[in-house]
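Inspection log for the structure reproduced underneath, given as structure tokens.
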Amino acid sequence: MSFPLLTATVVLPAAGAIATAAVPAAQRTAAKWLALVVSLATLVLAALVVVRFEPGGSRYQLTESHAWIKDFGVRYELGVDGIAVALLALTALLIPFVILAGWHDADTLETGSRRWRPTQGFFALILAVEAMVILSFEATDVFLFYIFFEAMLIPMYFLIGGFGDRAHEHGEKVASTQRSYAAVKFLLYNLVGGLIMLAAVIGLYAQAGTFSLQEIVQARANGSLHMATSTERWLFLGFFFAFAVKAPLWPVHTWLPNAMGEATAPVAVLITAVVDKVGTFAMLRFCLQLFPEASKWATPVVLVLALISIVYGALLAVGQRDIKRLVAYASISHFGFIIMGIFAMTSQGQSGATLYMVNHGISTAALMLVAGFLISRRGSRLIADYGGVQKVAPVLAGTFLIGGLATLSLPGLAPFVSEFLVLVGTFSRHPVIGIIATFGIVLAALYTLVLYQRTMTGPVKPEVAEMPDLRVREVLVVAPLIVLLIFLGVYPKPVADIVNPAVKQTMSDVHQTDPKPEVEAAK
């Protein structure tokens, strides 16, 4: 029996979470190091998954299948395609940086009590989220996926509400209220989406008699499973709504600015760079594969919603005075690009969308973590409280600039390639949508450069005159992300080679081919 590598990538951070939570109260430094070592070991396992995965091989590889709930046909089934491999690697890569960036975030909550261990709890919750997200990328049983799709909400709720940002202009009492509101809003929005999806999961089982994704897709392909048009559309809507909330897509996006604004910077990265990717990933894996005809039926409406997200998120980012909420609204705009690429129903669009998930995770992590370092020094999230930082902390300002330039998809940095592919893929089939979406790029340049100008340039404000530059630990967090942004911007082929075969198979599932360019014959 071969080594269950996919199970190991889940069990290791899950066991690490339990072990970290059990570390004695007085040994919080040991808890931090334990969490970091576990996250690095998980990264090694993820690297083994990447190495063992064969892009030209079978669709789902490293598969595992075991009976779980026999009476209901639920199985513990795992398998990864190229899209899942890319996102699994992204998750495993970012968690060590999240842990390093949040090294002291829970220390201020220490009270000396032997029962209350916030440091251990903080890092244990991060590892728990990692385990659940990774399993969501690997699960090929719909019910197994659903359980962990919902379960990850619990540790995220406590990370937002219990370990939120203390930098609030109106004091700790108001900050505590805002954190609680953001955590509850996050939980309620996603629970409602999950309950609707549960009804659709039950309906799918009633139609197919199994929860196995591969069996359902195969049965639909060979004609042994036929769904009525109305049934397929209702089931699609149940799945899509839950994924749209998680993504998030306008108009079910409003929980994200609150959650990212009130969370610490590392937890904000966990939300938008890791957890939210499960929503867009699931659109590719479940919506398009299980309900191909309904996906094509819904495409016009989904593209319009994605377009609204792009422009609306960017416009609100322009008007923000809070640094973290600005990044949150920018992320809403970026998720609009991702969803637009998925439902453009072209290979360029879907390849671009998958690359965008990876590149957005890296660029947002870089920008948000540097923003977190900046906020922790000044104690304020307001843009107006900064000015002239580049003169006193040039390394901090330089890394902030690179993260911002990646956010606006500057050529030469990783997000440019993915955004370009999304726009090309959309324009080839839906030219009007593609043209309007380009305004999101202009707005991204506006909110990014204005943010940098107001915080980093100009006269040095007295409150930032003594601001220290990035420390060694902080450089270790940011530098690898910057290197990755440049490397994947110049040479995206390693990731593209992994995801492209899976994209072609998804295109085949929805019975779509790329439109042929209309070129007038030369005379």
Side-chain angles (χ1 to χ4, degrees), residues 35-36 39-40 42-43 46 86-103 105 123 126-127 129-130 133-134 137 156 159-160 165 256 259-261 263-278 280-281 323-335 337-338 355-376 395-396 398-410 413-416 418-419 444 448 451 470 473-489 495:
L36 180 60
S39 68
L40 291 172
T42 305
L43 178 58
L87 294 176
L88 187 157
L90 171 70
T91 301
L93 174 70
L94 290 181
I95 295 301
F97 297 124
V98 167
I99 290 174
L100 270 177
W103 200 253
D105 283 1
F123 293 102
I126 291 174
L127 291 176
V129 171
E130 179 181 23
V133 169
I134 288 176
F137 292 141
M156 287 306 308
L159 283 170
I160 297 168
D165 193 354
L256 183 65
M260 287 186 65
T264 63
V267 173
V269 170
L270 198 62
I271 295 170
T272 190
V274 176
V275 172
D276 287 356
K277 297 301 186 299
V278 177
T280 48
F281 163 80
I323 297 173
K324 291 167 71 177
R325 289 178 70 90
L326 185 151
V327 178
Y329 279 111
S331 291
I332 291 171
S333 181
H334 296 148
F335 275 105
F337 277 107
I338 294 170
L355 286 172
Y356 214 137
M357 291 186 225
V358 175
N359 295 333
H360 171 264
I362 299 170
S363 63
T364 299
L367 180 61
M368 179 58 82
L369 292 178
V370 177
F373 298 149
L374 178 69
I375 292 167
S376 67
V395 177
L396 188 154
T399 53
F400 190 83
L401 177 61
I402 296 174
L405 293 177
T407 298
L408 65 82
S409 299
L410 183 77
L413 296 176
F416 169 77
S418 44
E419 194 165 282
T448 300
L451 172 64
L470 292 184
R473 173 180 59 86
E474 295 166 335
V475 171
L476 290 175
V477 170
V478 178
L481 298 175
I482 299 298
V483 171
L484 273 174
L485 287 174
I486 297 171
F487 175 77
L488 293 177
V495 181

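Quick note: residue numbers are just sequence positions, from 1.
In this structure, Thr42 and Ile95 have side chains that are not in contact, with every pair of non-hydrogen atoms separated by 4.5 Å or more. Inter-residue side-chain proximity for Ile160 and Ile271 is flagged as met; some heavy-atom pair is nearer than 4.5 Å. Val274 is not listed as a side-chain neighbour of Val269, based on a closest heavy-atom distance of 4.5 Å or more. Side-chain atoms of Trp103 and Leu100, non-hydrogen and from C-beta on, do get closer than 4.5 Å to each other. Within the 4.5 Å cutoff, side-chain heavy atoms of Val477 are placed close to those of Phe373. Counting heavy atoms from C-beta on, the side chains of Leu87 and Leu90 come closer than 4.5 Å. In this structure, Leu40 and Leu36 have side chains that are in contact, with non-hydrogen atoms separated by less than 4.5 Å. Counting only heavy atoms from C-beta outward, the side chains of Leu408 and Leu405 approach each other to under 4.5 Å.
Ser409 and Glu419 make their closest contact through OG-OE1, 3.1 Å (heavy atoms, listed as atom of the first residue, atom of the second, distance). Nearest heavy atom pair, residue Ala414 against residue Leu488, reads CB-CB, 3.7 Å. Minimum heavy-atom separation, Leu270 to Met156: CD2-SD, 3.7 Å. Among all heavy-atom pairs drawn from Ala273 and Leu94, the shortest one is CB-CD1, 3.7 Å. Taking all atoms of both residues into account, the shortest heavy-atom contact from Phe137 to Leu88 is CD1-N, 4.0 Å. Of all heavy-atom pairs between Ile99 and Ala35, the closest is CD1-O, 3.5 Å.
If you take CD1 on Ile338 and OG1 on Thr280, they are separated by 5.0 Å, rounding to the nearest 0.5 Å. In this structure, the separation between CG on Leu396 and CD on Glu474 is 7.5 Å, given to the nearest 0.5 Å. Atom CG of Asn359 is separated from atom NE2 of His334 by 11.5 Å, given to the nearest 0.5 angstrom. Distance check: Lys277 NZ to Tyr356 OH gives 10.0 Å after rounding to the nearest 0.5 Å. From Leu485, atom CG reaches atom CD1 of Ile402 across 8.5 Å, with rounding to the nearest 0.5 Å.
With hydrogens and angles disregarded, no donor-acceptor distance shorter than 3.5 Å links the side chain of Lys324 to the backbone of Ala371. With hydrogens and angles disregarded, no donor-acceptor distance shorter than 3.5 Å links the side chain of Thr364 to the backbone of Gly361. Counting only distance, with no hydrogens or angles, the side chain of Thr407 and the backbone of Gly403 share a donor-acceptor pair below 3.5 Å. At least one donor-acceptor pair closer than 3.5 Å links the side chain of Ser363 to the backbone N or O of His360.
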